[in-house]
Chemist: 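First, the structure itself, so that you have it in front of you.
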Amino acid sequence: MKLDEALRHPVLLDLHGVGDKAAFMDRCATALALPDWFGRNWDALADCLTDLPEPGPVALVVTGWQVYAEAHPLEWRLAQDVFATAVDERPTHLTILLALGGSPGDFLGGSDRGGPASLG
């Protein structure tokens, strides 16, 4: 997928302040407007990511992930595996971008596109 296509529908996953898996899953559920049946586990996240609703290609921009990754390296590795698998299964529908710095307000909000969306 071309990045410019994906950025037509950016979704911000802000992980600032996330301290555990439960909070990580809650943030995913909110940002991606996941269905009520979302079980808040890695398998359920994988299922939801490969079955996102269609507005077109989606770019999931992950911010504030570094502290969570350092505090919970095994969980972060699982999250990366889930993200990579979802992108591999739906390469024309999903792009995941890891932001290396800044705050959530710095990403995608300064353009004429408006701020990042959620899928809800």
Chemist: Locate the shortest heavy-atom distance separating Met25 from Arg40; write the atom from each residue and the value.
Modeler: CG-O, 3.6 Å

Chemist: Do you know the tightest heavy-atom contact between Arg27 and Gly17?
Modeler: NH2-C, 4.5 Å

Chemist: Rounded to the nearest 0.5 Å, how far apart are NZ of Lys21 and CG of Asn41?
Modeler: 6.0 Å

Chemist: side-chain contact (heavy atoms from CB on, under 4.5 Å) between Thr85 and Thr50: does it pass, once the steps are laid out?
Modeler: CA-CA 9 Å; Thr85 299; Thr50 57; 5.8 Å; no

Chemist: Under 3.5 Å, is there a donor-acceptor pair between the side chain of His72 and the main chain of Gly19?
Modeler: yes

Chemist: Atom CG in Leu97, atom CG in Leu12: separation rounded to 0.5 Å?
Modeler: 11.0 Å

Chemist: Measuring only between side-chain heavy atoms, which start at C-beta, is Leu34 closer than 4.5 Å to Leu45?
Modeler: yes

Chemist: With heavy-atom distances below 4.5 Å as the criterion, would you say the side chains of Leu15 and Trp76 are in contact?
Modeler: yes

Chemist: Short question: side chain of Arg90, backbone of Thr95 - any donor-acceptor pair under 3.5 Å?
Modeler: no

Chemist: Testing the basics here: between Val11 and Ala31, what is the closest heavy-atom pair and its distance to 0.1 Å?
Modeler: CG1-O, 3.3 Å

Chemist: With a 4.5 Å limit on heavy-atom distance, are the side chains of Tyr68 and Pro73 in contact?
Modeler: no

Chemist: I'd like to know whether Phe24 forms a ring-ring contact (aromatic ring centres under 6.0 Å, His included) with Trp42, so could you lay out the CA-CA distance, the side-chain angles of the two residues, the decisive distance to 0.1 Å, and finally the verdict.
Modeler: CA-CA 11 Å; Phe24 177 90; Trp42 301 114; 5.5 Å; yes

Chemist: Run the side-chain contact (heavy atoms from CB on, under 4.5 Å) check on Leu49 and Leu32 step by step: do they pass?
Modeler: CA-CA 9 Å; Leu49 286 172; Leu32 295 163; 3.6 Å; yes

Chemist: Minimum heavy-atom separation for Gly39 to Ala44, with atom names?
Modeler: N-CB, 3.5 Å

Chemist: Asp51: which residues meet the side chain to side chain donor-acceptor pair (under 3.5 Å) condition with it, sequence neighbours left out?
Modeler: none

Chemist: Kindly indicate, with the supporting measurements, whether the criterion side-chain contact (heavy atoms from CB on, under 4.5 Å) is fulfilled by Phe83 and Asp88.
Modeler: CA-CA 9 Å; Phe83 291 157; Asp88 286 347; over 6 Å; no

Chemist: Taking Gln66 for the side chain and Leu100 for the main chain, is one N or O donor matched with an acceptor at less than 3.5 Å?
Modeler: yes

Chemist: I want to check something: taking the side chain as every heavy atom from C-beta on, are Trp65 and Gln80 in contact at a cut-off of under 4.5 Å?
Modeler: no

Chemist: Distance check, rounded to the nearest 0.5 Å: Leu60 atom CG versus Leu13 atom CG?
Modeler: 5.0 Å

